[in-house]
Amino acid sequence: MSRSLIAFVGVVVTTGVAHAQDVPEVTPPSTATPADSGVATNANAPSDMGDQGIAAMLGVAGGGRSTPGGLLVAGHYYYQLSDQDWFDGSAAFVFGSGDAECFRDRMNVTLCEHGLASGYAGKLGVAARRFMPNLATETFWPFVRAGLGTALVRFPDDDITGITFSVQVGAGLRASLTEAIALTAEADLELGVGQFSNGLGGEPQLGVNISAGAEFKL
């Protein structure tokens, strides 16, 4: 009887060991992060944007009639409002041709027919800049912007000066170079009204600005 019991226990132990050896090895989950795979870790905005920044931009402004156009030089100041939005304050200057293009018609009404790159202007603007959600890359970030602007406009050869008010909407792309420097390109549409001297009076404003430059984290 004891021999049978011993034999039975031996069979049970041998079977248990065999089953223990058949258990597959469990592989621990990967500890790789999205950053390790090249995917953006922040889907709302560039991780190197910072809460404050400045930018220097150079481009062209397209005008016409009483809207100034020419070489565009601009500076921006950015301040973070949320994880996706930044305040965008700007100051810009437009340098165009000074040729006289205003005249009086038969009704003695002053008309101006300036070209795409005529006149001079100093501009101030306030806008909100929003980055688009991005799950593909940490380097390139599209954004949109909308705001309000005012400008002091001068057509010297016509002796006409005016002040304008406009609504601005645009879009652009930001490309990170380092933790503190990025390249930015954007295009904006300006639509507004202006009041001018020398009999010209109120005039609509319609312009397009295209610029690119460098952005620096503060």
Side-chain angles (χ1 to χ4, degrees), residues 53-79 86-130 142-174 182-216:
I54 57 174
M57 311 282 284
L58 185 66
V60 293
R65 192 170 173 175
S66 61
T67 303
L71 175 67
L72 176 68
V73 180
H76 294 259
Y77 168 71
Y78 305 112
Y79 184 83
W86 271 256
F87 166 81
D88 181 355
S90 63
F93 297 93
V94 176
F95 303 94
S97 168
D99 295 341
E101 296 290 346
C102 296
F103 60 91
R104 290 183 181 271
D105 64 9
R106 293 180 180 179
M107 302 299 293
N108 201 31
V109 176
T110 301
L111 301 175
C112 291
E113 297 295 340
H114 296 105
L116 291 175
S118 296
Y120 300 87
K123 302 182 177 183
L124 294 175
V126 291
R129 183 195 209 193
R130 163 163 284 209
F143 62 85
V144 295
R145 64 187 302 274
L148 302 173
T150 184
L152 179 64
V153 178
R154 176 71 175 164
F155 296 97
D157 284 10
D158 291 302
D159 194 24
I160 288 179
T161 303
I163 185 169
T164 68
F165 301 92
S166 62
V167 175
Q168 306 171 356
V169 293
L173 183 67
R174 182 183 187 275
L183 297 180
T184 302
E186 65 182 46
D188 296 298
L189 175 66
E190 295 185 2
L191 179 62
V193 295
Q195 185 67 32
F196 294 86
S197 65
N198 204 13
L200 184 58
E203 284 284 303
Q205 297 288 293
L206 177 61
V208 176
N209 303 321
I210 300 175
S211 59
E215 194 172 302
F216 305 92

Worksheet item: Are more than 12 heavy atoms from other residues, nucleotides or ligands located less than 6.0 Å from atom OH of Tyr79?
Response: no

Worksheet item: For Phe93, does the CZ atom have more than 12 heavy-atom neighbours from other residues, nucleotides or ligands under 6.0 Å away?
Response: no

Item to complete: Could you tell me whether a side-chain N or O of Tyr120 sits under 3.5 Å from a main-chain N or O of Gly96, the two making a donor and an acceptor?
Response: yes

Worksheet entry | Residue pair Leu124 / Ala91: nearest heavy atoms and the distance that separates them | CD2-CB, 3.9 Å

Discussion item. Counting C-beta onward and ignoring hydrogens, is there a side-chain heavy-atom pair between Leu189 and Val167 closer than 4.5 Å?
Written reply: no

Worksheet item: Side chains of Val126 and Asp88: closer than 4.5 Å at any heavy-atom pair?
Response: no

Practice prompt. Kindly give the heavy-atom pair with the smallest separation between Thr150 and Ile163, and that separation in Å.
Written response: OG1-CG1, 4.0 Å

Worksheet entry | Main-chain N/O of Ser66 paired to Gln205 side chain as donor or acceptor, under 3.5 Å | yes

Practice prompt. Might you work through the side chain to side chain contact (heavy atoms under 4.5 Å, CB included) test for Leu72 and Val60, ending with a clear yes or no?
Written response: CA-CA 5 Å; Leu72 176 68; Val60 293; 5.7 Å; no

Worksheet item: Any side-chain heavy-atom pair from Asp159 and Arg154 closer than 4.5 angstrom?
Response: yes

Practice prompt. Could you tell me the separation between the OG atom of Ser166 and the CG atom of Leu148, rounded to the nearest 0.5 Å?
Written response: 7.5 Å

Worksheet item: When rounded to the nearest 0.5 angstrom, what is the spacing between CG in Leu152 and NZ in Lys123?
Response: 12.0 Å

Discussion item. Please report the interatomic distance OG1(Thr110) to CD(Glu203), rounded to the nearest 0.5 Å.
Written reply: 9.5 Å

Response to the item:
When every non-hydrogen atom of Ala121 is compared with those of Pro68, the smallest separation belongs to CB-CG, 3.7 Å

Worksheet, complete the sentence: Residue set satisfying side-chain contact (heavy atoms from CB on, under 4.5 Å) with Phe216, at least two apart, ordered chain then number -> Ile54, Ile181, Ala214

Worksheet item: Between CD of Gln168 and CD of Glu190, what distance do you get to the nearest 0.5 Å?
Response: 4.5 Å

Worksheet item: How long is the span from the SG atom in Cys112 to the CD1 atom in Ile160, to the nearest 0.5 Å?
Response: 3.5 Å

Item to complete: State, yes or no, whether a side-chain contact exists between Arg129 and His76 at a heavy-atom distance under 4.5 Å.
Response: no

Worksheet item: Which distance, rounded to the nearest 0.5 Å, do you find between the CG of Leu173 and the OG1 of Thr184?
Response: 8.5 Å

Worksheet, complete the sentence: For residues 147-166, the ring-ring contact (aromatic ring centres under 6.0 Å, His included) pairs (sequence neighbours left out) are His114-Phe155

Item to complete: Could you tell me whether the side chain of Asp188 and the main chain of Asn209 form a donor-acceptor pair under 3.5 Å?
Response: no

Response to the item:
Correct closest heavy-atom pair for Pro156 and Gly98 would be CG-CA, 4.3 Å

Worksheet item: Is a side-chain N or O of Ser97 found less than 3.5 angstrom from the main chain of Ala117, in a donor-acceptor match?
Response: no

